[in-house]
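Residue numbers start at 1 and run along the sequence shown. Atoms considered below: every heavy atom in the structure, side chains included; atoms not considered: hydrogens, waters and symmetry mates.
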Amino acid sequence: MTEQSPSTRSATESPPVLELDDVHVRYGGSHILQGVSFDVPATGVTALLGRNGVGKTTTLKAIIGLAPRAGRIRLQGREIQSMTTARIVRGGIGYVPEDREVFGGLTVDENLRLVAPDEGVEAPVVGRLFPDLVARRGQRAGTLSGGQQQMVSLARVLLRENALLLIDEPTKGLAPKLVTEVADVLAEVARTTPVLLVEQNLPLVRRIADRVVVLDAGQVVHRGAAAELVADVDLTRELLGVSMRREGAA
């Protein structure tokens, strides 16, 4: 495994918000995660990278309790691997899945009131980060564009108090303008809440991520600073099969 940043922590540095220690996930006869171990610092964005099918989404599902897992997972020092998803969410982890999972038959406001019954789109965080949703409060979520639905999914999770956000490929399938809008929101959110982000868009990773963890075949093969990885064309090609020279800007 390559590791370009030392794992030692200074006496004044905050402990990690999340720790995975030898986490395994098996589905039937398939061993998807094979001893995954890494920490998520208490600040900024940590990007979880890797080629398709290496276990990135499964890692998020293992953390949140949606995949059968073995090993130790600690949130703010407290073990959560035996907890249900509902308890984990109440304990401080917000999860934005890859497929967004908005309620298409409900309005934007109704989707948000499922989490914050007394506020909905009137919540300060919605007005600050998602003004377009305020304007579309009465529109059914199923009629929104993909980018707008992504904003509903992000807004919904931000209506809770979160110690950590798990966000799975928020820019997948979005037009470049919407990618930029999502990036702006994530950068703002990460100022106050740490984020573990699964993302394929390397220019976005370069822009907002502080650290990276790279998976391959269900194992961690690299940890380090995001800027160092995306600046190293050969290493990026080796680990991810892409080159920043061929990628556009976020």
- Hydrophobic cluster identity match, L106 and V115, side-chain contacts under 4.5 Å: no

- Kindly say whether A231 contributes a backbone atom to a donor-acceptor pair with the side chain of T236 at under 3.5 angstrom? no

- Item | salt bridge (charged side-chain N to carboxylate O under 4.0 Å, His left out) partners of R160, counting only residues at least two apart | none

- Query: side-chain contact (heavy atoms from CB on, under 4.5 Å) between F130 and L158: does it pass, once the steps are laid out?
  - Reply: CA-CA 11 Å; F130 309 98; L158 292 177; 4.0 Å; yes

- Item | Backbone of L204 reached by a side-chain donor or acceptor of N201 within 3.5 Å | yes

- Just wondering, do I208 and L197 contact through their side chains at under 4.5 Å, heavy atoms? yes

- Query: Quick one: does V89's side chain get under 4.5 Å of Y95's, heavy atoms only?
  - Reply: no

- Note on the structure: Hits for side chain to side chain contact (heavy atoms under 4.5 Å, CB included) against E181, two or more places apart or cross-chain, chain-then-number order -> M151, K177, L178

- Short question: side chain of D109, backbone of V121 - any donor-acceptor pair under 3.5 Å? yes

- What residues form a side-chain hydrogen bond (donor to acceptor under 3.5 Å, both in side chains) with E101, not counting sequence neighbours? none

- Could you give the distance from CD (E119) to CD (E122), rounded to the nearest 0.5 Å? 8.5 Å

- Which of these passes side chain to side chain contact (heavy atoms under 4.5 Å, CB included) with V212: V205, L240, L202? V205

- Message: Within the 4.5 Å heavy-atom criterion, are L18 and T46 side-chain neighbours or not?
- Response: no

- Item | Point-to-point distance, once rounded to the nearest 0.5 Å, from OG1 of T57 to CG of L166 | 11.0 Å

- Message: Please give me the minimum heavy-atom distance between P170 and V182, naming the atom from each residue.
- Response: CB-CG1, 4.0 Å

- Query: What is the distance from atom CD of Q150 to atom CG of D99, rounded to the nearest 0.5 Å?
  - Reply: 10.0 Å

- State, with a plain yes or no, whether a side-chain heavy atom of V54 is found less than 4.5 Å away from one of V214. no

- Paired with R74, the side chain to side chain contact (heavy atoms under 4.5 Å, CB included) test is passed by just one of L20, D21, D39, namely D21

- Task: Answer yes when E169 and K56 have at least one side-chain N-carboxylate O distance shorter than 4.0 Å, and no when they do not.
- Result: no

- Do side-chain atoms of R69 reach the backbone of Q81 as a donor and acceptor pair under 3.5 angstrom? yes

- Hey, does K61 have a side-chain heavy atom less than 4.5 Å from the side chain of P97? no

- State which residue, out of L33, L215, V36, I63, fulfils the side chain to side chain contact (heavy atoms under 4.5 Å, CB included) condition with T58. L33

- Item | Side chain to side chain, I88 and L75, heavy atoms closer than 4.5 Å | no

- Item | Side-chain (R51) to main-chain (L239) donor-acceptor, under 3.5 angstrom | yes

- Query: Minimum heavy-atom separation for V189 to L165, with atom names?
  - Reply: CG1-CD1, 3.4 Å

- Message: Testing the basics here: between V198 and L60, what is the closest heavy-atom pair and its distance to 0.1 Å?
- Response: CG2-CD1, 3.7 Å

- Task: Report the C-alpha distance between H222 and L235 in whole Å, list the side-chain angles of each, state the deciding distance to 0.1 Å, and finish with yes or no for side-chain contact (heavy atoms from CB on, under 4.5 Å).
- Result: CA-CA 10 Å; H222 176 87; L235 183 60; 3.9 Å; yes

- Task: Assess whether side-chain contact (heavy atoms from CB on, under 4.5 Å) is satisfied between L159 and V126, documenting all intermediate values.
- Result: CA-CA 8 Å; L159 290 173; V126 179; 4.0 Å; yes

- Does R156 offer a backbone N or O that forms a donor-acceptor pair with the side chain of N111 under 3.5 Å? no

- Query: I93, L66: one ILVMFWY side-chain cluster at the under-4.5 Å cut-off?
  - Reply: yes

- Message: Suppose we screen for side-chain hydrogen bond (donor to acceptor under 3.5 Å, both in side chains). Which residues come up paired with T107, at least two apart in sequence or across chains?
- Response: E110

- Message: Please evaluate residues Q200 and K172 with respect to the criterion side-chain contact (heavy atoms from CB on, under 4.5 Å), reporting the C-alpha separation (whole Å), side-chain torsions for both, the decisive distance (0.1 Å), and the verdict.
- Response: CA-CA 8 Å; Q200 300 278 21; K172 183 177 180 180; over 6 Å; no

- Query: Between the main-chain N or O of H31 and the side-chain N or O of Q34, is there a donor-acceptor pair closer than 3.5 Å?
  - Reply: yes

- Task: Could you tell me whether the side chain of P16 reaches within less than 4.5 Å of the side chain of V40, counting heavy atoms only?
- Result: no

- Spell out, as yes or no, whether a donor-acceptor pair under 3.5 Å connects the side chain of T85 to the backbone of I64. yes

- Taking side-chain hydrogen bond (donor to acceptor under 3.5 Å, both in side chains) as the test, write out the residues that go with S145, two or more places apart. Q148

- Item | Short side-chain to backbone donor-acceptor contact, R140 and G105, under 3.5 Å | yes

- Smallest heavy-atom separation, R128 atom then P131 atom, equals O-CD, 4.4 Å

- Item | Shortest non-hydrogen contact from V23 toward A62 | CG1-CB, 4.4 Å

- Is V134 reachable from V125 through a run of hydrophobic residues whose side-chain heavy atoms are each under 4.5 Å from the next? yes

- Closest heavy-atom pair, A47 versus A209, reported as atoms and distance to 0.1 Å, is CB-CB, 4.0 Å

- Query: Has the side chain of D210 got a donor or acceptor atom that lies under 3.5 Å from a matching backbone atom of V45?
  - Reply: yes

- Are any of the side-chain heavy atoms of L49 and L229 separated by less than 4.5 Å? yes

- Query: So how far is it from R78 CZ to E19 CD, rounded to the nearest 0.5 Å?
  - Reply: 14.5 Å

- Message: Using the side chain to side chain contact (heavy atoms under 4.5 Å, CB included) criterion, which residues pair with Q149? Sequence neighbours excluded.
- Response: R100, V102, L144

